Protein chains: 2
Amino acid sequence: MNDQGMATQGGSKRKYVRLKATNDPDETRADILAVAQEQFARHGYAGTTIDSIAAKTKRSKRMIYYYFSSKPKLYKAVLENAYRGIRVAEESIRLDEDDPRQSIKNLVEFCFDYHFERPSFVKMVMGENLNDARFVSASDEIKNLHFPLTQRIEKCLRKGYENGYFGRTCTAVEMHMTITALSFFNVSNQATFSAIFDIDMKSPAVCRARKQEILLAVLGRLDTKLDDGFSTEYR
Amino acid sequence: MNDQGMATQGGSKRKYVRLKATNDPDETRADILAVAQEQFARHGYAGTTIDSIAAKTKRSKRMIYYYFSSKPKLYKAVLENAYRGIRVAEESIRLDEDDPRQSIKNLVEFCFDYHFERPSFVKMVMGENLNDARFVSASDEIKNLHFPLTQRIEKCLRKGYENGYFGRTCTAVEMHMTITALSFFNVSNQATFSAIFDIDMKSPAVCRARKQEILLAVLGRLDTKLDDGFSTEYR
DNA sequence: CCCATAATGTTCTAGTTGGTACATTTTTCT
DNA sequence: AGAAAAATGTACCAACTAGAACATTATGGG
């Protein structure tokens with residue numbers, strides 16, 4: 001792989017990429033990053049030791065400091081990499097279907113699947129929240145990554161409301177939060193929920209049912225007219 | 001406080017409770033437990049040091065080992081205490097209203113508020129999930145605490161469906177999961193969401209709107225008939 | 001009032017962990 | 001080929017941490 005001598009996606013600025021891989025900084029960086037994500041996700045920031053990362057790496061501990069300088073900087077690199085992943089993936093969601101309900105369905109399906117298939121991303125985000133989002137707050141890159149999606153959702157919601165597909169509407173951020181919450185929780189709290197209610201939330205059947213459930217709640221939110229005889233205002 | 005010489009709620013088995021509080025095991029235990037919950041919630045299991053707990057306690061580190069033997073046992077005590085708290089509180093939710101939609105509303109409101117007001121409980125649960133629910137799985141007490149609520153929810157859902165209040169129904173566990181997910185996420189991911197979308201999710205206005213949003217989704221789920229022209233089956 | 005015991009304080013240690021100093025090999029450029 | 005620079009390996013340390021050893025005080029029954 002990468003034996004064409006072409007530039008790699010990594011941050012290396014060398015003119016010519018070496019063909020032999022005895023010393024391979026890009027590979028080393030990527031290796032460290034992948035192992036670090038796995039470890040930080042599983043054991044949290046404090047629970048992860050640089051030694052444990054190094055042990056699972058093809059290179060030595062020295063390399064972690066060589067490329068990432070310190071534990072917090074390594075963590076930050078992992079986190080930004082993770083957020084970049086979901087934001088890029090979101091671009092491919094189809095939100096311009098003729099029937100906006102189909103767009104919302106696409107959104108739910110993407111969100112559910114993305115989280116379900118990437119538990120270590122979910123755990124990274126959980127870790128950040130336990131840490132009061134210290135690293136997310138400090139990263140301009142992460143904070144500037146979300147605008148596109150909410151704007152597209154807003155467009156979709158407006159279309160659905162104006163064309164009479166949705167009886168109600170809500171803000172794009174609220175919609176995004178609802179869908180994300182349901183998709184996220186399905187993974188983030190899988191361990192305790194599975195243990196307490198004695199179900200296997202990873203099984204295809206349960207997973208399928210849950211996805212359908214989420215879709216019903218989300219579409220129900222946009223569709224319902226329950227004003228008849230029951231006020232939803234809080235007393 | 002507790003100057004009547006009556007038995008305290010703690011595990012002490014002394015016949016007579018001391019009136020002076022120079023040595024006060026119940027108080028010491030409770031103090032340690034509260035501080036420990038706060039610390040474990042904020043910094044996770046690995047991130048919390050016994051020394052840091054001791055420093056915030058009125059007593060010394062020695063007492064932590066005196067009453068709780070080890071770090072994992074202290075953690076387990078904190079966790080069981082936290083779960084006991086919510087299960088007991090759940091008993092007071094009114095789920096037998098004439099209008100089952102009101103029951104569901106009560107449930108949503110309770111769940112939302114309980115989590116919102118107890119971020120450290122939420123964080124404990126997050127920590128457990130990051131740890132693959134190791135302690136929850138090992139605690140029979142926690143696992144046997146949930147039955148009452150789901151049974152009551154099921155009764156409420158059946159009544160609502162049979163009496164025509166709900167156009168659809170679902171299992172009690174699904175309903176519980178949906179409501180919990182939305183309420184839980186609102187707290188668990190507050191930090192990253194607030195940072196990324198630049199909103200203050202702790203403000204009363206945002207909080208109120210969010211609660212309403214959740215209620216609409218949940219009731220919408222039970223109410224909607226969207227079979228007209230749009231199938232929710234996955235293709 | 002005295003003593004067994006419960007409750008608390010102080011000091012130390014063995015093991016870990018983030019990070020560094022120093023040494024060595026590999027690659028690139030001329 | 002040979003020197004400079006990049007990449008990697010090894011050995012080590014200072015700080016921290018869970019827990020234990022040892023010492024002391026407070027309490028309540030007789």
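The sequence lines fix the lettering, A, B, ..., with proteins before strands; numbering per chain opens at 1. All of these numbers come straight from a predicted model, not from anything done at the bench.
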Which protein N or O atoms sit under 3.5 Å from an N or O of nucleotides 11-16 of chain C?
none

Selection from [options] that lies nearest to any side-chain heavy atom of [X]:
X	options	answer
A:Tyr65	D:dG19, C:dG9, C:dG19	C:dG19
B:Tyr67	C:dG9, D:dA18, C:dA7	C:dA7
A:Pro25	D:dG19, C:dG9, D:dA7	D:dA7
A:Ser70	D:dT8, C:dT10, C:dG19	C:dG19
A:Tyr66	C:dT8, D:dA6, D:dA18	D:dA6
A:Ser60	D:dG19, D:dT10, C:dA7	D:dT10

B:Lys73 NZ/CZ over B:Tyr67 ring centroid, <6.0 Å and within 45° of normal: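 No, B:Lys73 does not sit over the ring of B:Tyr67.
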Cation-aromatic face contact A:Arg87/A:Tyr83, 6.0 Å, 45 degrees: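 No cation-pi geometry.
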Sugar-phosphate only, base, or nothing, as touched by B:Thr57 at under 4.0 Å among non-hydrogen atoms: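 B:Thr57: no heavy atom of the nucleic acid under 4.0 Å.
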Sugar-phosphate only, base, or nothing, as touched by A:Ser52 at under 4.0 Å among non-hydrogen atoms: nothing
Donor-acceptor pair between B:Thr192 and A:Glu128 side chains, under 3.5 angstrom: no
Ion pair B:Asp96/B:Arg94, N-O distance below 4.0 Å: yes
Pair B:Arg42 + B:Glu38: basic N to acidic O under 4.0 Å: yes
Neighbour count >12 (heavy atoms, 6.0 Å) for atom NZ, B:Lys155: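 At most 12 heavy atoms, drawn from other residues, nucleotides or ligands, come within 6.0 Å of this atom.
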